[in-house]
Amino acid sequence: MRAHLLNDATAERYRRSVTEGVERVADRIATTRKPFSGVTPDVLAPVVDAVDLDRPLGDASAALDELERVYLRDAVYFHHPRYLAHLNCPVVIPALLGEAVLSAVNSSLDTWDQSAGGTLIERKLIDWTTARIGLGAGADGVFTSGGTQSNLQALLLAREEAKSDEPTKLRVFASECSHFSVQKSATLLGLGPDAVVSVPCDRDKRMQTVALAAELERCRAEGLTPMAVVATAGTTDFGSIDPLPEIAALCEQYDTWLHVDAAYGCGLLASPTRRALLSGIEHADSVTVDYHKSFFQPVSSSAVLVRDGATLRHATYHADYLNPRRTIEERIPNQVDKSLQTTRRFDALKLWMTLRVMGADGIGELFDEVCDLAAEGWQLLAADPRYDVVVEPSLSTLVFRYIPERITSPSEIDRANLHARKALFASGEAVVAGTSVGGRQYLKFTLLNPETTVRDIAAVLDLIAGHAEQYLGENLVHAS
Ligand SMILES: Cc1ncc(COP(=O)(O)O)c(C=O)c1O
């Protein structure tokens, strides 16, 4: 069994095994004709269930053969140009190289004595990101597992900085289009069920600052403490960017922590043409960035950045076995002092390899391409009488709804759109997302693949229309 441990004696075995795995995946990627096979849980579950985990195959090739059946054949492939659903990106090859290196060396980024150079690489990338945001010389941050954790940590710091001994009197303001992790964080932080004040959005799905000002004023008048405002730079559904300068001015006026959730919009930090869309982000006290969304990085790769690095002390705990107090005086760089996690992946290496091979412009140009594509897709949708499209995109999402020519009820249209989404998924020809707008069922394209073309968008719109019409046709027959 020792032959399976990676060490000096098994390096050749490691080389062969990983190469074979890479070959299989590369073959799969090269030959996948659809983003999804359309398999259902009912069909796939028995295949997975049939695997006896107590009877190992002993051989990597056999395990890879099996993996073809239980996973690779039916996975959802984000690299396919007709995967248009969620905030998942195709990944860049330098990052995959980083991923292979980091898991083989297996550094853990909690302490210097488990990572050495890894810590310095992570710190340099944090500095690189805070400089791009413009957070100033005192800024710092740490890589996290994702935007949810980044938002949680940012709000934890905001709660501690609010210095209130009555957590249930703290209020967090976020737009009605903000990510649900804001609400989840508030609950985890013990702020109580009323902690998050939902601020309405304008027609472009951006937080209404007049409403925010009114809510802040009301909060103060009621003797409550405004703990944080969460501005979203790239809402999950619409890619809309809240008016950051105006929100920053209100935070200043009400002495409130400004957190910018740029999980999606962070790709603009590298964009050669669209960086100005993030104007005002430099005023933030904390920022969430998800490199695994708009920097084309494999999951997971995210960071929370703060203007005042000293605020990260709220995540600092000491353990004699790991990071005793004296390590601070000895100036030993232990990232665990800044993180909610202890053992932590060296995700930063993927971004490092990406920047060293492609450069920031290379990434930013890819993100620009998908934003350009969304603008073209919007024109297509706006000119298509079959569709109602919600907002002109700032980033790369399109939210729309099929509207049939025949007269039918709004709820029948809801069902037709829902059916179209499900039927498309079952066919595997394309994968699209869905959401609700004003209580009605809408469909969503999240465009993060520069290989997707306007022709793909047009073709998927035709497929959706076909499925929706089929549903309506069948239901009219049943109704009559
Ligand atoms: C705006 C925004 N914030 C936070 C998150 C959560 O990020 P993660 O899925 O990486 O936890 C998302 C995910 O889609 C998001 O769109």
Side-chain angles (χ1 to χ4, degrees), residues 81-88 175-178 200-208 232-242 264-265 268 274 277 294 367-425 429-450 452-472:
R82 294 196 182 176
Y83 176 82
L84 310 172
H86 302 287
L87 271 165
N88 311 109
S175 95
E176 57 186 334
C177 296
S178 63
C201 285
D202 61 18
R203 283 179 48 198
D204 292 328
K205 307 296 178 188
R206 292 154 40 103
M207 185 192 279
Q208 287 186 32
T232 312
T235 57
T236 317
D237 275 347
F238 306 101
S240 46
I241 300 170
D242 288 339
Y264 175 16
L268 297 173
R274 288 178 166 83
L277 287 174
S294 47
F367 193 53
D368 270 354
E369 279 188 51
V370 293
C371 294
D372 289 342
L373 177 68
E376 285 181 74
W378 185 79
Q379 282 177 353
L380 204 67
L381 274 160
D384 190 334
R386 298 173 300 174
Y387 287 99
D388 170 40
V389 54
V390 181
V391 278
E392 194 167 350
S394 308
L395 298 181
S396 66
T397 59
L398 292 165
V399 178
F400 57 92
R401 166 177 168 88
Y402 179 74
I403 307 280
E405 226 175 67
R406 63 183 96 195
I407 310 231
T408 179
S409 68
S411 41
E412 198 61 24
I413 300 178
D414 284 347
R415 284 191 283 275
N417 279 276
L418 195 58
H419 169 85
R421 180 185 174 199
K422 286 184 180 167
L424 202 55
F425 189 63
E429 294 294 336
V431 187
V432 307
T435 191
S436 72
V437 181
R440 303 262 66 111
Q441 176 67 48
Y442 274 72
L443 301 173
K444 177 169 76 160
F445 291 161
T446 308
L447 304 171
L448 277 179
N449 188 345
T452 303
T453 62
V454 184
R455 281 185 309 283
D456 288 311
I457 293 180
V460 176
L461 289 175
D462 285 344
L463 289 172
I464 291 170
H467 288 301
E469 275 306 320
Q470 189 186 4
Y471 171 87
L472 290 164

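Just so it is clear, the values below take in all heavy atoms, side chains as well, and ignore hydrogens, waters and symmetry mates.
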Please lay out, stage by stage, how S240 and T235 fare under the test side-chain hydrogen bond (donor to acceptor under 3.5 Å, both in side chains). CA-CA 5 Å; S240 46; T235 57; 2.7 Å; yes

Distance col, row D242:CG vs D204:CG, nearest 0.5 angstrom, shows 11.5 Å

Quick one: CZ on R274 to CG on D372, what's the gap to the nearest 0.5 Å? 4.5 Å

Tell me whether the count of non-hydrogen atoms from other residues, nucleotides or ligands lying under 6.0 Å of CZ in R455 goes above 12. no

S411 and D414: side-chain donor and acceptor closer than 3.5 Å? no

Please report the shortest heavy-atom distance between H467 and A420, naming the atom on each side. CB-CA, 3.7 Å

Closest non-hydrogen atoms of C201 and M207, given as atom of the first, atom of the second and distance, are SG-N, 4.0 Å

Value for CZ (R386) from CD (E405), rounded to nearest 0.5 Å, stands at 10.5 Å

Nearest heavy-atom contact between D202 and Q208 is N-CG, 3.6 Å

So Y264 and S396, side-chain hydrogen bond (donor to acceptor under 3.5 Å, both in side chains) or not? Walk me through it. CA-CA 10 Å; Y264 175 16; S396 66; 2.6 Å; yes

Let's go through D237 and Y442 carefully: what are the C-alpha distance in whole Å and the side-chain angles of both, what is the deciding distance for side chain to side chain contact (heavy atoms under 4.5 Å, CB included) to 0.1 Å, and is it a yes or a no? CA-CA 10 Å; D237 275 347; Y442 274 72; over 6 Å; no

Quick check for you: to the nearest 0.5 Å, what is the distance between F445 atom CZ and T397 atom OG1? 11.5 Å

Test V432 against Y83 for side chain to side chain contact (heavy atoms under 4.5 Å, CB included), laying out the working first. CA-CA 7 Å; V432 307; Y83 176 82; over 6 Å; no

Provide the closest heavy-atom pair for Y471 versus R415 in the form atom of the first, atom of the second, distance. OH-CB, 3.2 Å

Do N449 and L373 pass the side chain to side chain contact (heavy atoms under 4.5 Å, CB included) test, and can you show the C-alpha distance, the side-chain angles, and the key distance before you say yes or no? CA-CA 9 Å; N449 188 345; L373 177 68; over 6 Å; no

Supply the atom-to-atom distance I403 CD1 to I413 CD1, rounded to the nearest 0.5 angstrom. 4.5 Å

Which heavy atom in L277 sits nearest to a heavy atom in S394, and how many Å separate them? CD1-O, 3.9 Å

Is there a donor-acceptor contact under 3.5 Å from the side chain of S436 to the main chain of Q441? no

Distance-minimising heavy-atom pair for D456 and P81: OD2-CB, 3.6 Å

When you look at E369 and L447, which way does the side chain to side chain contact (heavy atoms under 4.5 Å, CB included) test go after all the steps? CA-CA 10 Å; E369 279 188 51; L447 304 171; over 6 Å; no

